[in-house]
Every structure is written in structure tokens, then in C-alpha cells.
Participant: 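Below you will find the structure I want to go over with you.
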2 protein chains.
Amino acid sequence: MPSSQTIDDIDKRILQALLDNALLTHKEIGQLVHLTGQAVGARVRKLQDLGVIDGYTLRWNPVSIGLNVHAFLTVFMNSNEAHRAFQAFVESNEAVTEAHRVGGEGCYWLRVRVGDSSELNKLLDEVLKFGNYKLSLSIEQIK
Amino acid sequence: MPSSQTIDDIDKRILQALLDNALLTHKEIGQLVHLTGQAVGARVRKLQDLGVIDGYTLRWNPVSIGLNVHAFLTVFMNSNEAHRAFQAFVESNEAVTEAHRVGGEGCYWLRVRVGDSSELNKLLDEVLKFGNYKLSLSIEQIK
DNA sequence: AACACGCCTTTCATCGTGAAAGTGAATGCG
DNA sequence: CGCATTCACTTTCACGATGAAAGGCGTGTT
């Protein structure tokens, strides 16, 4: 096993390469960092065991299946009792693709994807039951 | 080739499965949707060709490499001339992991990851050159 | 009824993967 | 100083996932 507990510079370069393209073979990564594919494989396994790598997923294009609206929502809660219900709402609503408890501006931050503004309207009505919000619509992702 | 241009329900289920775990073999996905691995492979290729699937990447844990601070930044620009410079700044600054041009609250929305609050401080100083901001710190991701 | 087309399955060769064994360097201990 | 131990890497090898090619089946068209 490679540097069994610590994460060195080579590990970070492997991580970076996989973030860019998780389908790279260990051999290809090995050419970047000057190792054999098997050595890279061992390091990747280490990164998984340490919890640095949490899983493998897709980069994809929601617009292509009709999710044209991409919005960010900062939510301000009305009361202190609504939190549990709000979290349940977030969990069950599939338009909410990411959610954080935050400090600073607002109580929660949500990423929302819906097909059109009428669906957004419906969602905002739901959110209003729990508190106020500020909305930003993504016009273009620049990074 | 499967339903060469359109995306049917099976495609969506394949997409969902891969979003959850991109390492599933085509055969395993095939068992979920009642197809052979090869048929699944053909559909995945179609999704790639159509641009629905944009690439493969990792789910990972930034905290494990010392990026303990996760912040959302809504930026309000000072002047109309600063946009190009701001976009260049965003592009070159590696603490900014995601950025959008937005409408609604603010002009830009940024996701920021840094190691500690002093690094955050430095970043905010940079941002102040372009405009004002509102900051939210992620306390816990709930989805 | 015959044909064509789309989508699937079957078959097959290739290649990536992880386990096991071996090499070499660095460190520790007598 | 020499020997053993450990650690990371390489080499070898067997398994299985993948994609190409060919064959089968249903549907729609004339």
C-alpha cells in the first residue's frame, strides 16, 4: 500500500486527473505521474478507503432533458419550529438538487432545477410556507 | 442504436443509476432496466453523443485534504467595466470551484472552498476590488 | 405479403483491473 | 557492520467488462 495514511503530491495529481475525467485508465494516469497502472490503482484504493474519494458520478446536462431553469435560493426561516419540516420538504422534493444549512445570509441555501418558470412558481409557493427567500437565476455557468 | 434521437424512460433510469454510481457495469444496469449489458452500452453511448452525459467525475471530500471552509458568495459589481476582469479572476482563482452569471439577487454567484478563514479573508479582499458581496458559509450539506 | 428499419441479443476478441509474488531502497537493531 | 524488516513499486497472471459484428424479432409501410 502506498504511503498508507497520508496524502502526498502524487495522490493529489491523481485526484485532479480523475476529477477531470474519471474514465482515465490507471495506466494513463500512471503515464502522467510516472507510475505503473497497478501502483496508481493502489493509490486510488487508498483514497477511497480514506474517504477522500466518495464515489463516481456523471457530469451531465440537465437542459438536455428539459430542466431549463437553474436557480439558487437563499431561505430565511419564519419560526424555529419549521426546520425539521423544511428539511423533510427538501429531501422529498426532486427539484432541489443540493441543499445546505448555512450561516451568514439566510438559514438554508438551495440549488433548484425545474423545467420552466411555472414549476419554479409552484416551488416558491411551497418554500413560502416555511419562510422568506431570495432568488437568483443562473444565466450562464462560467466555471 | 437505441431510439436514436430521443430520450426515453429507460435512458433516464440509466442516467439516474449512473449519477448514483458511475462505476456500475453495463450488465448491472441491465439487470435494473431489463436489458443486456451491450444494449445499455449502446444507450450510454447515445447519451454521450447527444451531450446529455458530459463526462465522468468524482464525488469527493474536500475537507479530507484540508479545505475546511465551504462558502457561497453573491457578488454585486461596482461598475460595468469590471466584468471581463472579474471573469478572468474567477477563472484563475482555484478557490472558486463554481461560478455563475446570475439574474435576481446579485450579478455573479460563486462557490468557494478554502482551508481556513484567513484564506477566505484574502479571497474576499480580492472580490472587493470588483464589487460588493454577500457571504453564506455552509455549515452542513443536507442534500 | 414482403420488405425495411430499429432495437435488441448473442458471440467473440481486446483490454483494464486487482491479487500475488518479487525487487529494491530505507530504516532499525543486534 | 551486517542482517532483518518494512514499504512502495513492478511484474506476472487470471478474470471480467467492453465494444464490434452478426443474427433475430417486431413494427410500420407499400
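The chains referred to below are lettered A, B, ... by the order of the sequence lines, with proteins before strands, and numbering in each begins at 1.
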Participant: Establish, with yes or no, whether the OP1 or OP2 oxygen of D:dC9 is under 4.0 angstrom from a side-chain nitrogen or oxygen of A:His34.
Facilitator: no
Participant: Would you please confirm or rule out a distance under 4.0 Å between OP1 or OP2 of D:dC9 and any side-chain N or O of A:Arg43?
Facilitator: yes
Participant: Counting only side-chain heavy atoms from C-beta out, which of C:dT17, C:dT9, D:dC9 sits nearest to B:Gln38?
Facilitator: C:dT9
Participant: Is it the case that over 12 heavy atoms from other parts of the model lie below 6.0 angstrom from the CD atom of A:Glu98?
Facilitator: yes
Participant: Under 3.5 Å, is there a donor-acceptor pair between the side chain of A:Thr57 and the main chain of B:Leu19?
Facilitator: yes
Participant: For B:Gln31 and D:dG16, what is the distance between atoms CD and C1' respectively, to the nearest whole Å?
Facilitator: 14 Å
Participant: Rounding to an integer number of Å, can you tell me how far B:Lys27 NZ sits from C:dT9 P?
Facilitator: 13 Å
Participant: Can you tell me the distance, in whole Å, between the NZ atom of B:Lys46 and the C1' atom of C:dG6?
Facilitator: 12 Å
Participant: Could you check how far CG of B:Leu18 sits from C1' of D:dA17, rounded to whole Å?
Facilitator: 14 Å
Participant: Classify the side-chain pair B:Arg111/B:His70 by whether it contains a donor and acceptor separated by less than 3.5 Å.
Facilitator: yes
Participant: What nucleotide, of C:dG16, D:dT18, C:dA19, holds the atom closest to the side chain of B:Thr25?
Facilitator: D:dT18
Participant: Under a 4.0 Å N-O cut-off, is there an ion pair linking B:Asp8 with B:Arg43?
Facilitator: yes
Participant: Which whole-number value in Å describes the distance from B:Leu47 CG to C:dC7 C1'?
Facilitator: 15 Å
Participant: Check whether any side-chain N or O of A:Arg45 sits under 4.0 Å from OP1 or OP2 of C:dA19, and answer yes or no.
Facilitator: yes
Participant: B:His26 has an atom NE2; how far is it from atom C1' of C:dT9, in whole Å?
Facilitator: 16 Å
Participant: Show me the donor-acceptor pairs within less than 3.5 Å that the side chains of residues 121-132 of chain A make with the rest of the protein, sequence neighbours left out.
Facilitator:
from     : atom 1 : to       : atom 2 : distance (Å)
A:Glu126 : OE1    : A:Lys129 : NZ     : 3.4

Participant: In whole angstrom, what separates A:Leu23's CG from C:dC15's C1'?
Facilitator: 14 Å
Participant: Roughly how many Å is it from CG in A:Leu35 to C1' in C:dT17, rounded to a whole number?
Facilitator: 16 Å
Participant: Which nucleotide, D:dA20, C:dC8, D:dC13, lies nearest any side-chain atom of B:Ala39?
Facilitator: C:dC8
